[in-house]
Amino acid sequence: MNIQQLKYLDYIERTGSINRAAELLFVSPSTISVSLKELEQEVGQQLFVRSSSGMTATHEGYEFISQARQILNQLDIMRDIFVDNESERQWFSVSSQHYDFASEAFSKLIAAQNSQRFVYRFFEVDTYSVIKNVAQNTSQLGFVYLSEFNRRVLMRLFEQENLQHHVMWEFQPQVFVRKGHPLAGRLSVQYKDLMEFPAITFEHNDHQNDYLTEHPLEVQANHRKVVVSDRMSAINIIMGSDAYLTGSRIMTNLMTERHVESIPLETSESHYICWIAPKNQKLSEQAKNYLKYAEESLGNRVEVLQSIHSPDYYSI
């Protein structure tokens, strides 16, 4: 197994074609085909399904590629700092669960950047990947969901990976449904009210169990699940079906305010959004500045939520 093989996998998955990957990498299709076959034999797994429509990663292939991309990203960082002799270039990376305030703060950091040389990366990933990215210094900061039911698991992981955590906000979970949904218009809902409707959850890898999600544990007990990888897909599915999504009410999307509403979810547990970082490392100036923007963005959203009472307003 080598770096070139990992790069081939990355390009095959992104383009869905060996021929297209070969064009972009300036190698022959046979070179990539042979390399892929050798790698599949080495790992003992079929990484792609071949069909007339192109190349599609298998479940094992997707997990393998996810890990490979972390290695390739880290190599890019090392190359930027050392190999290309550009030590003055600034680099900064954040890994987050699906929170809009985190990406909004990232855009503010970029807008305020005066350096002519920088590489900034923002990864929207699952809980396990957030923790691993920060622990392995792929990202300097991460954002995760913390609650009473997952506290023990997360605290153990934080300790194992030598990470510090800081609570940013405590919230009451919300249920997001389309206007006209059977639950629409209620003042609140309980978990039992949700069981007959499909639950939308965000995709996670094999390393994380049901305790490492962005949703309350009871949502995971639903036998009807729709798994997505991004927020926009979740919103589109909500608008076109009776599926629901649980969230923190801080991911605002004004484009769909006429189609989706939020309902408070009754729960006795505490729910938090936290940021994490390596325990024994000082935060860089970029990290400190970014945290200021993140806290400001989150604070503004919370302030808006607390001041708005119209049932037509919603956020995810």
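The basis for the numbers below is simple: all heavy atoms, side chains too, and nothing from hydrogens, waters or symmetry mates.
Hydrophobic clustering places Met1 together with Ile65 (ILVMFWY residues linked when any side-chain heavy atoms are closer than 4.5 Å, directly or through intermediates). Hydrophobic clustering places Ile3 together with Val43 (ILVMFWY residues linked when any side-chain heavy atoms are closer than 4.5 Å, directly or through intermediates). When hydrophobic clusters are built by joining Ile, Leu, Val, Met, Phe, Trp and Tyr residues whose side-chain heavy atoms come closer than 4.5 Å, directly or via intermediates, Leu75 is grouped together with Phe64. In the hydrophobic clustering of ILVMFWY residues, with side-chain heavy atoms under 4.5 Å counting as a link, Val34 and Leu25 come out apart. Both Val167 and Phe158 belong to a common hydrophobic cluster when Ile, Leu, Val, Met, Phe, Trp and Tyr are linked at side-chain heavy-atom distances under 4.5 angstrom.
For the ring pair (Phe, Tyr, Trp, His ring centres under 6.0 Å) test, residues two or more places apart in sequence or in another chain that qualify with Phe122 are Phe106.
Ion pair Glu161/Lys132 flagged as a salt bridge, since at least one NZ, NE, NH1 or NH2 atom sits closer than 4.0 Å to an Asp/Glu carboxylate oxygen. Using a cutoff of 4.0 Å between basic side-chain nitrogens and carboxylate oxygens, Arg156 and Glu159 are not scored as salt-bridged.
Val177 has its side chain out of reach of Phe197: every pair of non-hydrogen atoms, C-beta onward, lies at least 4.5 Å apart. Between Gln174 and Pro264 the shortest side-chain heavy-atom distance falls below 4.5 Å. Considering only heavy atoms from C-beta on, Met155 comes within 4.5 Å of Leu146 through its side chain. Between Thr201 and Val226, the closest side-chain pair of non-hydrogen atoms is not below 4.5 Å. Residues His271 and Pro173 have side chains in contact (heavy-atom distance under 4.5 Å, counting atoms from C-beta outward). Side-chain contact check for Ile273 versus Phe171: some heavy-atom pair is nearer than 4.5 Å. Side-chain atoms of Ser93 and Phe123, non-hydrogen and from C-beta on, do get closer than 4.5 Å to each other.
Looking only at distances, no side-chain donor or acceptor of Glu261 sits under 3.5 Å from a matching main-chain atom of Lys179. Under a 3.5 Å cut-off, the side chain of Ser66 and the backbone N or O of Tyr62 do form a donor-acceptor pair. Put simply, the side chain of Ser241 never gets that close to the backbone of Ile238: no donor and acceptor are under 3.5 Å apart. A donor-acceptor pair is defined here as one N or O able to donate and one able to accept, closer than 3.5 Å; such a pair exists between the side chain of Thr58 and the backbone of Gln46. With Asn73 contributing its side chain and Arg69 its backbone, the two residues share a donor-acceptor pair below 3.5 Å. Judged by distance alone, with hydrogens and angles left aside, the side-chain atoms of Arg186 form no donor-acceptor pair with the main-chain N or O of Ile263 at under 3.5 Å.
A pairwise comparison of heavy atoms in Ile18 and Met55 identifies CD1-CE, 3.9 Å as the closest pair. In terms of heavy-atom proximity, Ala102 sits nearest to Tyr290 at O-OH, 2.7 Å. Contact detail for Val134 and Gly142: the closest heavy-atom pair is CG2-N, 3.7 Å. Scanning both residues, Thr138 and Gln74, for their nearest heavy atoms gives OG1-OE1, 3.4 Å. Contact record, Ala21 with Ile12: CB-N, 4.0 Å, taken as the closest heavy-atom pair. Between Leu9 and Phe48, the shortest heavy-atom distance links the atoms CD2-CE1, 3.5 Å.
Using a 3.5 Å distance cut-off with no hydrogens or angles, the side chains of Gln97 and Thr127 do pair a donor with an acceptor. Side chains of Gln190 and Glu266: a donor-acceptor N/O pair is present below 3.5 angstrom, by distance only. Side-chain atoms of Ser233 and Asn236 form no donor-acceptor pair, as typed in the model, at a separation below 3.5 Å. A donor atom on one side chain and an acceptor atom on the other are not found under 3.5 Å apart for Ser33 and Ser30.
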Is there a salt bridge (charged side-chain N to carboxylate O under 4.0 Å, His left out) between Arg50 and Glu40 once you walk through the steps? CA-CA 13 Å; Arg50 301 153 178 82; Glu40 288 181 325; 3.1 Å; yes
Would you please test Glu124 and Ser96 for side chain to side chain contact (heavy atoms under 4.5 Å, CB included) and show each step? CA-CA 5 Å; Glu124 187 174 295; Ser96 175; 5.9 Å; no
Would you check, one step at a time, whether the test side chain to side chain donor-acceptor pair (under 3.5 Å) holds for Ser297 with Glu104? CA-CA 7 Å; Ser297 179; Glu104 180 181 79; 2.2 Å; yes
Kindly determine whether Arg14 and Arg20 satisfy side chain to side chain contact (heavy atoms under 4.5 Å, CB included), including the steps that lead there. CA-CA 10 Å; Arg14 292 182 188 277; Arg20 181 57 179 156; over 6 Å; no
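If you take CG on Leu39 and OH on Tyr8, they are separated by 12.0 Å, rounding to the nearest 0.5 Å. Note: Glu13 CD to Leu47 CG = 11.5 Å, rounded to the nearest 0.5 Å. Here the straight-line distance linking atom CG of Leu154 with atom SG of Cys274 works out to 8.0 Å at 0.5 Å rounding. With rounding to the nearest 0.5 Å, the separation of CG in Leu72 from NZ in Lys7 is 7.5 Å. In this structure, CD1 in Ile32 is found 10.0 Å from CD in Glu23, a value given to the nearest 0.5 Å. For the atom pair Leu183 CG and Arg178 CZ, the distance stands at 10.0 Å (nearest 0.5 Å).
With a 6.0 Å radius and a threshold of 12 heavy atoms from other residues, nucleotides or ligands, Gln160 has its CD atom above the threshold.
Aromatic ring centres of His181 and Tyr244: separated by at least 6.0 Å. Checked against the 6.0 Å centroid threshold, Phe92 and Phe118 do not count as a close aromatic pair. You'll find the ring centres of Phe101 and Phe143 inside the 6.0 Å limit.
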Compile the donor-acceptor pairs under 3.5 Å between side chains in residues 276-288 and protein atoms, sequence neighbours left out, one pair per line.
{"from": "Gln281", "atom 1": "NE2", "to": "Asn137", "atom 2": "OD1", "distance (Å)": "3.4"}
{"from": "Ser284", "atom 1": "OG", "to": "Ala287", "atom 2": "N", "distance (Å)": "3.1"}
{"from": "Gln286", "atom 1": "NE2", "to": "Gln90", "atom 2": "OE1", "distance (Å)": "3.2"}

